[in-house]
Novice: 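One structure is given below, represented as structure tokens, and several questions about it will come after.
Please read all numbers here as calculations on a predicted model, not as lab measurements. All heavy atoms count here, side chains included; hydrogens, waters and symmetry mates do not.
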Amino acid sequence: MTSYGPHRLQTIATLDLPSSSPIVFIHGGAWRDPNNTKDDWDALASMIEPTPGPYKHAYSLDYRLSPEVKHPQHILDVLFALCHLKKEVGVEHVSLAGHSVGATLILQILSFTKLLSYYPDTLTDLEYLCLPVSVKTPAQVVLFIEKNLPRLDTLYLLDGIYDMDKLYEEYPIYSDFMGQAFNGDESQAIQLSLEIGMDVPHGRVVVAHSYEDELLSPQQTFLFTQYLTLQKIEFTFVMGSFGKHNEVYECKQVAELILKEAKV
């Protein structure tokens, strides 16, 4: 395990997987659940049978949680973890796998320049971000991330949240965790909306959703796949019996899906 910052949750775990690209796993948990951690992915990794062929490191991230921190600190942690992998470990390109708000964080990575422009004051509070002393202004922080972020390969989005506006319409009760993560103001969460637009790359995108998910209906996934279709972005879409919401990342079928796509 390695640390990318001084906080106890700013850590990265390492394991080996047979794939052509290093994979970074990002856990969910509504930005706040301490029971969801980088260890969520251990079961999935253990289900992938050793096979002949190229092995690349896989990584699983922890990041600071609400209510201790508010948006955009979660995505800043993930961005700096990825920068750490490139700058300190030499990881030039990665695939990303995210579950629930882990999938949301992946979409935030894709549009981080636009997203962080809403919060210039946040980028002056750098206590928990390991930056060179020469990086002091918000513009310099963004440039540092742009320079040190690994190139993205395949994206695996599992039972994800893709549009906070529509999520609030479908599940008003979720205003509780949205309020904890977004300073009690749902309008901040609505910035994460497909109507605003997200810079999804024209690469490999794999979207999966479980029939048994009791916390998220397929509505979020359908919204996202419709968005990808309208943007003419190629993607693979899989719905299956992958278990309840917090069982998806422990499902052998999901492990096999990630391995299959990673080796293509």
Novice: Evaluate Ile26 against Val78 for side chain to side chain contact (heavy atoms under 4.5 Å, CB included), listing each step before the verdict.
Specialist: CA-CA 8 Å; Ile26 307 173; Val78 173; 3.9 Å; yes
Novice: Heavy-atom distance under 4.5 Å between the side chains of Val24 and Leu82, does that happen here?
Specialist: yes
Novice: Please name the pair of heavy atoms, one in Leu257 and one in Ala208, separated by the smallest distance, quoted to 0.1 Å.
Specialist: CD2-CB, 4.3 Å
Novice: Among residues at least two apart in sequence or on other chains, which ones pass side-chain hydrogen bond (donor to acceptor under 3.5 Å, both in side chains) with His99?
Specialist: none
Novice: How long is the straight-line distance from CD of Gln140 back to CD1 of Ile145, given to the nearest 0.5 Å?
Specialist: 12.5 Å
Novice: Just to verify, what does Phe222 make a ring-ring contact (aromatic ring centres under 6.0 Å, His included) with, not counting sequence neighbours?
Specialist: none
Novice: Report the distance from atom CE of Met178 to atom OH of Tyr168, rounding to the nearest 0.5 Å.
Specialist: 7.0 Å
Novice: Using the rule side chain to side chain contact (heavy atoms under 4.5 Å, CB included), only one of Val254, Asp159, Val238 pairs with Ser210; which is it?
Specialist: Asp159
Novice: Mind telling me whether Phe144 and Phe80 have parallel, tilted or perpendicular rings, with 30° and 60° as the class edges?
Specialist: parallel
Novice: Do Val69 and Tyr118 belong to the same hydrophobic cluster, where Ile, Leu, Val, Met, Phe, Trp and Tyr are linked whenever their side-chain heavy atoms lie under 4.5 Å apart, directly or via other members?
Specialist: no
Novice: Side chain to side chain contact (heavy atoms under 4.5 Å, CB included) between Tyr156 and Ile106: does it pass, once the steps are laid out?
Specialist: CA-CA 9 Å; Tyr156 305 94; Ile106 289 176; over 6 Å; no
Novice: Could you tell me whether Asp176 and Arg32 have a side-chain N and a carboxylate O separated by less than 4.0 Å?
Specialist: yes
Novice: To the nearest 0.5 Å, tell me how far Thr11 OG1 sits from Tyr59 OH.
Specialist: 14.5 Å
Novice: Residues in side-chain contact (heavy atoms from CB on, under 4.5 Å) with Glu169, at least two apart?
Specialist: Asp165, Lys166
Novice: Looking at every heavy atom in both Asn36 and Gly29, which two are closest together, and how far apart are they?
Specialist: OD1-CA, 3.3 Å
Novice: Would His245 and Ser100 count as having a side-chain donor-acceptor pair, cut-off 3.5 Å?
Specialist: yes
Novice: Let me confirm one number: the OG1-CZ distance from Thr229 to Phe235, rounded to the nearest 0.5 Å.
Specialist: 3.5 Å
Novice: Between the side chains of His74 and Ser66, is a donor N or O closer than 3.5 angstrom to an acceptor N or O?
Specialist: yes
Novice: To check you understand the geometry: which heavy-atom pair defines the closest contact between Lys70 and Gly179, and what is its length?
Specialist: NZ-O, 3.9 Å
Novice: Does His7 offer a backbone N or O that forms a donor-acceptor pair with the side chain of Gln10 under 3.5 Å?
Specialist: yes
Novice: Work out which heavy atom in Gly160 is nearest to a heavy atom in Ala103; give both atom names and the distance.
Specialist: CA-CB, 3.7 Å
Novice: I want to check something: taking the side chain as every heavy atom from C-beta on, are Pro72 and Leu116 in contact at a cut-off of under 4.5 Å?
Specialist: yes
Novice: Less than 4.5 Å apart, side chain to side chain, heavy atoms only: is that true for Val206 and Phe237?
Specialist: no
Novice: Could you walk me through whether Arg204 and Glu234 satisfy the side chain to side chain contact (heavy atoms under 4.5 Å, CB included) test, starting with their C-alpha distance in whole Å, then the side-chain angles of each, then the deciding distance to 0.1 Å, before giving a yes or no?
Specialist: CA-CA 7 Å; Arg204 299 189 61 81; Glu234 294 184 6; over 6 Å; no
Novice: When you compare the side chains of Ser217 and Gln219, does any donor N or O come within less than 3.5 Å of an acceptor on the partner?
Specialist: no
Novice: Identify, with sequence neighbours excluded, every residue that meets ring-ring contact (aromatic ring centres under 6.0 Å, His included) alongside Tyr4.
Specialist: none
Novice: Closest heavy-atom contact between Thr221 and His209?
Specialist: OG1-ND1, 3.0 Å
Novice: Would you call Tyr162 and Thr104 a side-chain contact if the rule is heavy atoms closer than 4.5 Å?
Specialist: no
Novice: Heavy-atom distance under 4.5 Å between the side chains of Leu228 and Leu230, does that happen here?
Specialist: no
Novice: Shared ILVMFWY cluster between Leu149 and Leu143, side chains joined below 4.5 angstrom?
Specialist: no
Novice: Using the ring centroid of each side chain, check whether Trp31 and Tyr63 are separated by less than 6.0 Å.
Specialist: no
Novice: The criterion is ring-ring contact (aromatic ring centres under 6.0 Å, His included); which residues satisfy it with Tyr174, sequence neighbours excluded?
Specialist: Tyr171, Phe177
Novice: Are any non-hydrogen side-chain atoms of Met1 and Lys38 less than 4.5 angstrom apart?
Specialist: yes
Novice: Parallel, tilted or perpendicular, judged at 30° and 60°: which one describes the rings of Trp41 and Tyr249?
Specialist: tilted
Novice: Enter the distance from Asp62:CG to Ile12:CD1 here, rounded to the nearest 0.5 Å.
Specialist: 10.0 Å
Novice: List for me each residue that meets side-chain hydrogen bond (donor to acceptor under 3.5 Å, both in side chains) alongside Arg64, sequence neighbours excluded, and say none if there are none.
Specialist: Gln73, Asp77
Novice: Does Lys86 reach the main-chain N or O of Lys147 with its side chain, forming a donor-acceptor pair under 3.5 Å?
Specialist: yes
Novice: Determine whether Val94 and Val91 satisfy the following criterion, side chain to side chain contact (heavy atoms under 4.5 Å, CB included), listing intermediate values before the conclusion.
Specialist: CA-CA 7 Å; Val94 295; Val91 177; 3.2 Å; yes
Novice: Begin from the C-alpha positions of His93 and Asp153 and carry the test side-chain hydrogen bond (donor to acceptor under 3.5 Å, both in side chains) through to its verdict.
Specialist: CA-CA 7 Å; His93 62 100; Asp153 295 331; 2.5 Å; yes
Novice: How close do Ala97 and Ile258 get, counting heavy atoms only, and between which atoms?
Specialist: CB-CD1, 4.5 Å
Novice: Any donor and acceptor pair, going by atom type alone, linking the side chain of Glu212 with main-chain N or O of Lys244 inside 3.5 Å?
Specialist: no
Novice: With a 4.5 Å cut-off on side-chain heavy atoms, are Phe25 and Leu96 touching?
Specialist: no
Novice: Any side-chain heavy atom of Leu131 within less than 4.5 Å of one from Val141?
Specialist: yes
Novice: Give me the one residue out of Thr2, Leu61, Asn148 that meets side chain to side chain contact (heavy atoms under 4.5 Å, CB included) with His84.
Specialist: Thr2
Novice: Give, for atom CG of Asn246 and atom CG of Asp33, the distance between the pair rounded to the nearest 0.5 Å.
Specialist: 7.5 Å
